[in-house]
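Shown next, in structure tokens, is the structure this report addresses.
Throughout, protein chains are lettered first and strands after them, A, B, ... in sequence-line order, and every chain is numbered starting at 1. Hydrogens, waters and symmetry mates are skipped; everything else that's a heavy atom, side chains included, is used.
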Amino acid sequence: MTELSEPSEELRPRNEEASATVTDAKQAATTTKVDADTIKAIDAIDGSEGTDTLKYSLLGPSLLKAGQDTVDQSKVSEIIYNASKGSKFFAREEERDRQHTIKIEQIQAKKAQLEKLDLTRDRRNADALLAQFELGRNLTQSIVHVDCDAFYASVEQLDRPELANLPFAVGGGVLTTCNYVARKFGVRSGMAGFVAKKLCPQLILIKNNFDKYNAKAREIREILAEYDPRFESASIDEAYLNITEYCEKHGMSRADAVNKMRKEVHETTQITVSAGIAANSKLAKICSNRNKPNGQFELANDRDAIMEFMKDLPARQVNGIGRVFERELAAAGVKTCGDIYEHRKYLRQLFGEKAYEFLIGIYLGLGRTYIQPAEGYERKSVGTERTFRDMNDPAQLREQLRKTAEDLEADMKKVEVKGRTLCIKLKMHTFEVLTRQVSTPRAVCLADDLYKYSLPMLAKLEQDFPGIRIRLMGLRCTHLVSTKKVDTMAFFGLKKQQESSDGAGQYPSDAMTDRKRKAELDGQWEVWPEEEFLNHEPSPDIEARPPTADPVDDEETRAHGKEIVPNPKKEATPGEGEWFDCPICGRPQSTDERQLNEHIDLCLSRRAIRDTLQEAQEQQPPPLARGLTPETKRLKTGNEKRRGRPSGTSDPKQRKLFFGTS
DNA sequence: GGGGGAAGGACCA
DNA sequence: TTCCTGGTCCTTCCCCC
Ligand SMILES: Nc1ncnc2c1ncn2[C@H]1C[C@H](O)[C@@H](COP(=O)(O)OP(=O)(O)OP(=O)(O)O)O1
Ligand SMILES: [Mg+2]
């Protein structure tokens with residue numbers, strides 16, 4: 001699983017001072033002008049015809065990062081521009097910039113059009129939405145966002161303390177991060193190594209060592225768990241915690257608790273972290289950037305304080321608003337979150353329903369107030385891609401495809417999944433990206449199959465783009481089917497798929513696993529407990545049945561799984577003790593791990609048999625009637641209804657929506 | 001009008 | 001001379017029911 005961290009920023013206009021509580025002493029000293037610069041840059045953008053937007057874009061996505069206070073952005077931008085000029089990468093960026101500019105003009109034209117119309121209805125709708133969201137506001141929780149400082153660099157520095165005062169960066173062709181000394185030169189994550197060298201010729205480059213970072217991240221998480229055992233790691237160096245309970249139990253203020261936590265992390269792991277404390281995750285995330293490095297910032301759980309906080313907040317600082325959307329919003333007149341209100345009646349028509357709701361939520365400073373461990377989350381795809389020297393020889397391309405397929409097989413084995421959709425990605429020498437996908441007739445994971453199904457896509461692309469020259473190739477599988485025995489997802493009743501890891505009988509290519517094919521329920525199933533069993537298959541005798549021949553019987557498949565995650569349904573009435581709802585049959589079960597697993601095994605194997613039978617009958621769908629069987633379809637919709645609010649998904653990086661009222 | 005697949009793209013670390 | 005990698009979600013288009 002990949003994971004990482006976040007951006008940063010500071011500067012608070014005077015008027016926010018009153019509402020936002022600064023909880024770290026060193027804060028006052030470190031104010032920056034990045035915000036101001038950013039705004040200036042955007043202002044410049046609006047009507048400009050020149051290279052301003054391109055230069056701004058070339059600054060990279062992380063210009064809001066901490067440690068830039070003393071940087072002369074325009075000088076940096078000039079150096080980057082000159083270093084990049086003339087390259088293919090640059091040409092591509094120019095083209096993108098042109099496209100964006102066209103889109104901006106369309107937005108402006110549309111807005112001008114809308115201004116002539118009577119938008120009373122749209123304004124009323126927006127007000128209704130505001131009112132509705134307001135009802136869901138929850139100010140009862142204390143959410144903390146923790147973010148390690150210059151994470152990879154800090155970890156490297158532990159092994160090489162002599163680097164402490166020298167500018168250094170981690171990464172190869174592109175930097176993953178750099179220390180704060182290097183940031184003074186304008187060096188940032190995501191920047192090309194050679195550009196960074198132009199900005200800072202003495203810059204020392206260190207290779208990535210992900211195992212080391214992951215190990216360190218685990219150490220840090222161990223400490224976080226003391227403060228909230230159900231914390232959510234959002235990336236390798238970031239986590240959300242709900243410390244409401246902790247503070248209550250220990251009679252501590254939130255700021256004190258977080259100070260203590262940060263101190264503890266520093267003392268035991270030697271890594272400094274920054275934190276934001278607020279009423280919800282979105283605000284906490286913004287706050288954690290304010291006193292970076294090694295600082296914290298608290299925003300009171302108070303509506304007025306929050307509204308004041310959002311009022312002058314540059315939209316770009318909100319997670320989910322990047323370089324492009326920032327420009328588009330600016331074109332519509334929205335630069336700060338506070339600006340959203342006066343333009344509310346246009347937003348839906350200009351940016352669509354989702355973005356509109358997202359923005360309204362931002363204006364109100366709403367966000368998730370429930371935090372849940374990431375283990376309860378189901379991965380959606382696995383993929384691998386590699387950049388190499390330009391290539392256009394068909395034989396070589398096939399060889400590369402084969403390699404990619406093998407890499408992907410290894411990754412899929414590691415995370416124990418197969419996929420029903422295979423996606424190929426090519427980046428041409430011009431940096432233009434092409435993707436093609438197919439649904440495979442069966443879930444696949446073996447290199448032979450991955451190759452077999454992706455080759456025709458490659459061939460087609462070669463045909464459509466004669467003489468195609470490629471600098472990157474990737475493969476990705478989606479519509480995953482778990483090959484784990486009982487995976488944790490099951491416990492959330494979200495979705496469960498199971499299949500034999502050796503459903504290989506179908507493929508002539510893998511005779512080696514063939515011996516093992518007992519019940520090959522290669523297909524996936526999706527279980528929506530209530531609907532599926534409570535509605536038409538109560539079958540009271542399930543429990544009584546002996547555990548039917550376990551369909552899964554493979555070494556690796558057995559290795560993992562069987563991990564119990566507490567039911568997130570925390571309202572489990574305390575008086576009655578706790579229970580888990582079986583994700584398969586929906587009935588409450590003992591929380592005893594062994595008993596529960598036994599019960600689930602039973603339910604699962606029962607499902608397995610049923611599905612195998614069913615498959616025998618209705619097998620065909622994939623090729624033509626590709627899509628869901630009527631049953632699955634119904635179940636799927638059922639699920640959506642059941643989960644109700646968008647809330648559910650615990651995707652750490654969920655972008656839009658979710659003003660979870662918990 | 002809705003579901004789904006396919007292609008492209010924004011965004012995040 | 002040179003600009004990564006792995007993942008999520010959204011939008012737009014299309015076909016089909
Ligand atoms: N574009 C990227 N590609 C790959 N890895 C990245 C990228 N950006 C960041 N990372 C990695 C390296 C970082 O150390 C780690 C955490 O990211 P992030 O929190 O944004 O920065 P940081 O921790 O290095 O500095 P900061 O002090 O600003 O938080 O994720
Ligand atoms: Mg960080």
Output the pairing pattern of DNA chain C as a dot-bracket string, 5' first, Watson-Crick or G-U wobble with both distances under 3.5 Å, | for cross-strand pairs, [ ] for crossing pairs. ....|||||||||||||

For A:Lys460, all residues meeting salt bridge (Lys or Arg N to Asp or Glu O under 4.0 Å), sequence neighbours excluded: A:Asp464

Looking at A:Arg402 and A:Glu406, is any side-chain nitrogen of the basic one under 4.0 Å from a carboxylate oxygen of the acidic one? yes

A:Ser274 side chain to A:Ser288 main-chain N or O, any donor-acceptor pair under 3.5 Å? no

Which residues in residues 79-89 of chain A have a heavy atom closer than 4.0 Å to any atom of DNA chain C? A:Ser84, A:Phe89

At 4.0 Å (heavy atoms only), tell me whether A:Val195 reaches a base, stays on the sugar-phosphate, or touches nothing. base

pair A:Asp97-A:Glu94: side-chain heavy atoms closer than 4.5 Å: no

Looking at every strand, decide which applies to A:Arg389 at a 4.0 Å heavy-atom threshold: base, sugar-phosphate, or nothing. nothing

Using modelled atom types only, decide if a donor and an acceptor are shared between the side chain of A:Thr440 and the backbone of A:Arg420 within a distance under 3.5 Å. yes

Lys/Arg cation over aromatic A:Phe89: A:Arg92, 6.0 Å, 45° cone: no

Gap in Å between the two P atoms, one belonging to B:dC12 and one to C:dC3, rounded: 23 Å

Within residues 431-438 of chain A, find the residues that approach DNA chain B with a heavy atom at under 4.0 Å, and present them sorted by residue number. A:Leu434, A:Thr435, A:Arg436, A:Gln437, A:Val438

Under 4.0 Å, counting only non-hydrogen atoms across every strand here, what does A:Lys425 touch: a base, just sugar-phosphate, or nothing? nothing

Go through A:Lys55 and A:Glu78 one step at a time and tell me if the salt bridge (Lys or Arg N to Asp or Glu O under 4.0 Å) criterion holds. CA-CA 7 Å; A:Lys55 281 185 185 169; A:Glu78 225 23 64; 2.9 Å; yes

Within residues 469-483 of chain A or reaching into it, pairs that qualify as salt bridge (charged side-chain N to carboxylate O under 4.0 Å, His left out) - sequence neighbours excluded: A:Asp390-A:Arg469

Face-on cation placement of A:Lys85 at A:Phe90 ring, 6.0 Å and 45° thresholds: no

Would you give me the side-chain donor-acceptor pairs under 3.5 Å for residues 192-210 of chain A, sequence neighbours excluded?
residue, atom, partner, partner atom, Å
A:Lys197, NZ, A:Leu203, O, 2.8
A:Asn208, OD1, A:Thr176, OG1, 2.9

